[in-house]
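Handing you this structure, nothing more for now.
Order of the sequence lines sets the chain letters (A, B, ...), proteins ahead of strands, with each chain counted from 1. Given the structure is predicted, the values throughout are model-derived calculations rather than measurements.
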Number of protein chains: 2
Amino acid sequence: MGRRKENSTNSLNEKNIMEACDSVYSICKIGGRWKMLILCELKDGKLRFGELRKNIPGITERMLTLQLRELEKDMLVSRIVYPEIPPRVEYELTPISRQLIPIWSVLGDWAKEHKQLVIQQLKEVAV
Amino acid sequence: MGRRKENSTNSLNEKNIMEACDSVYSICKIGGRWKMLILCELKDGKLRFGELRKNIPGITERMLTLQLRELEKDMLVSRIVYPEIPPRVEYELTPISRQLIPIWSVLGDWAKEHKQLVIQQLKEVAV
DNA sequence: TATGGTACTAACAAAATTGTAAGTAATGGG
DNA sequence: CCCATTACTTACAATTTTGTTAGTACCATA
């Protein structure tokens, strides 16, 4: 993983900020590069490791594994291993991560507005 | 700032993901280490640079400047310079970032639930 | 002339995240 | 025995973010 240093200023700052501000805490939990995308993929049901990889262009097996591990640790996905060969592993959302689904759509709406604004701004600058 | 490379896999991935998924886009905009905290501070009105620094323990002048510059570029704060000596600069939320305020509280509520869950989990493991 | 206050910048260093490339294990089928 | 399949690991390197320290500009005031 590239282990984090327990007592770096960086780590301590993050910890303090997460304790000080709940919305920062939430954003930290879903803030990894690919996490949101993974969660969105799982919105409609279980998927296997390989399916996730195929559905998320650009992600490597390593990053997929890392992000899934963190999501699992944070109880945002659950991992179901079938004792078969070749291996089969499925991932699915947990109750707590399902509670986030409506928030995603609100964030999505905000994004659309923001993008509009950026476009407007570009036009104004051009004129 | 430590300039980003335009064409690194890293940059391109981020760009693609933001285009592919609107909620990722939103989270990117508010995902910097101190951004959320800064925005929260500004929730109740304008603040000067020095006030922000005092109100946010642990932040350095450099980080405060960097994060404010990005927020400004993304139109999430506006910067008001008074031509005085010593200088006076005030920051305030913009209409588009004010639209985020209700989302913060929802994220905050989710954080509280998640923290509860983590505590429960710790207890179960201990037993 | 020296000092203080304010909002920054610049050069550098450390830390953290992300990406690349090459493996591993287990077993059924040819 | 060799290969294919699947879900991973491992070692390393590049990139990005964050932190440290020491400046800068400006003018009023002592």
Side-chain angles (χ1 to χ4, degrees), chain A residues 1-17 24 27-28 30-38 46-72 77 79-91, chain B residues 1-17 24 27-28 30-38 46-72 77 79-91:
Chain A
M1 218 176 281
R3 211 102 214 113
R4 293 194 81 177
K5 296 214 168 168
E6 278 289 305
N7 281 31
S8 60
T9 308
N10 190 317
S11 275
L12 296 178
N13 276 343
E14 185 182 59
K15 201 159 147 272
N16 292 336
I17 295 174
V24 171
I27 286 189
C28 283
I30 54 177
R33 167 73 101 241
W34 305 93
K35 282 184 185 173
M36 198 72 169
L37 234 47
I38 294 171
K46 298 179 202 170
L47 285 179
R48 296 180 61 170
F49 183 86
E51 292 173 319
L52 282 170
R53 180 165 40 92
K54 266 170 250 157
N55 294 356
I56 301 176
I59 199 167
T60 61
E61 299 197 334
R62 175 181 146 75
M63 283 313 294
L64 182 51
T65 304
L66 281 176
Q67 302 275 289
L68 282 169
R69 289 289 178 282
E70 279 184 30
L71 288 169
E72 198 193 351
V77 304
R79 182 167 178 263
I80 307 148
V81 183
Y82 298 85
E84 301 172 2
I85 295 288
R88 181 155 68 102
V89 180
E90 289 182 342
Y91 293 90
Chain B
M1 218 175 278
R3 210 101 211 115
R4 294 193 81 179
K5 295 212 169 169
E6 278 289 306
N7 281 32
S8 59
T9 308
N10 190 318
S11 274
L12 295 177
N13 276 341
E14 186 182 58
K15 199 158 148 272
N16 291 335
I17 295 173
V24 171
I27 286 189
C28 282
I30 54 178
R33 169 72 103 239
W34 305 92
K35 282 184 186 174
M36 198 73 167
L37 234 49
I38 293 171
K46 296 178 203 171
L47 285 178
R48 298 181 60 168
F49 183 87
E51 292 173 319
L52 282 170
R53 179 165 43 91
K54 267 170 246 155
N55 294 357
I56 302 177
I59 199 167
T60 60
E61 299 197 336
R62 174 180 146 76
M63 283 313 293
L64 182 51
T65 304
L66 282 178
Q67 302 275 289
L68 282 169
R69 287 292 178 280
E70 280 184 28
L71 288 169
E72 199 193 349
V77 304
R79 181 167 178 263
I80 307 148
V81 183
Y82 298 85
E84 301 172 0
I85 295 288
R88 182 155 69 101
V89 180
E90 290 183 341
Y91 293 91

When the distance from CD of B:Glu90 to C1' of C:dT6 is rounded to whole Å, what number comes out?
13 Å
Heavy-atom closest pair (A:Val24 atom, A:Ile17 atom, distance to 0.1 Å) is CG1-CG2, 3.3 Å
For A:Leu66 and C:dT20, what is the distance between atoms CG and P respectively, to the nearest whole Å?
14 Å
Between protein and nucleic acid, restricted to nucleotides 11-15 of chain C and to nitrogen or oxygen atoms under 3.5 Å apart, what atom pairs and distances do you find?
residue	atom	partner	partner atom	Å
C:dA15	OP2	A:Lys5	NZ	3.1
C:dA15	O3'	A:Ser8	OG	3.4

Suppose we screen for side chain to side chain donor-acceptor pair (under 3.5 Å). Which residues come up paired with B:Arg53, at least two apart in sequence or across chains?
B:Glu61
For the side chain of B:Met63, starting at C-beta, report the closest nucleotide among D:dG19, C:dA7, D:dA7.
D:dG19
Give each protein N/O atom lying under 3.5 Å from an N/O atom of nucleotides 23-28 of chain C, with the pair distance.
none

Estimated bend of the helix from C:dT1-D:dA30 to C:dG30-D:dC1 (axis per five terminal pairs, rounded to 10 degrees):
30°
Restricting to salt bridge (charged side-chain N to carboxylate O under 4.0 Å, His left out), what partner residues turn up for B:Arg79, sequence neighbours left out?
none
Who are the side chain to side chain contact (heavy atoms under 4.5 Å, CB included) partners of B:Glu84, not counting sequence neighbours?
B:Tyr82, B:Arg88
Partners passing side chain to side chain contact (heavy atoms under 4.5 Å, CB included) against A:Thr60 (at least two apart in sequence or in another chain)
A:Arg62, A:Met63
Taking only residues two or more places apart in sequence or in another chain, which ones pass side chain to side chain contact (heavy atoms under 4.5 Å, CB included) with B:Ser11?
B:Arg4, B:Ser8
List in chain and number order the residues that pass side chain to side chain donor-acceptor pair (under 3.5 Å) with A:Arg33, two or more places apart in sequence or in another chain; answer none if no residue qualifies.
B:Asn10
Integer-rounded Å distance: C:dA16 P and A:Ile17 CD1:
14 Å
Phosphate-side-chain proximity, A:Arg88 and D:dT5, N/O vs OP1/OP2 below 4.0 Å:
no
Restricting to side chain to side chain donor-acceptor pair (under 3.5 Å), what partner residues turn up for A:Asn55, sequence neighbours left out?
A:Glu41
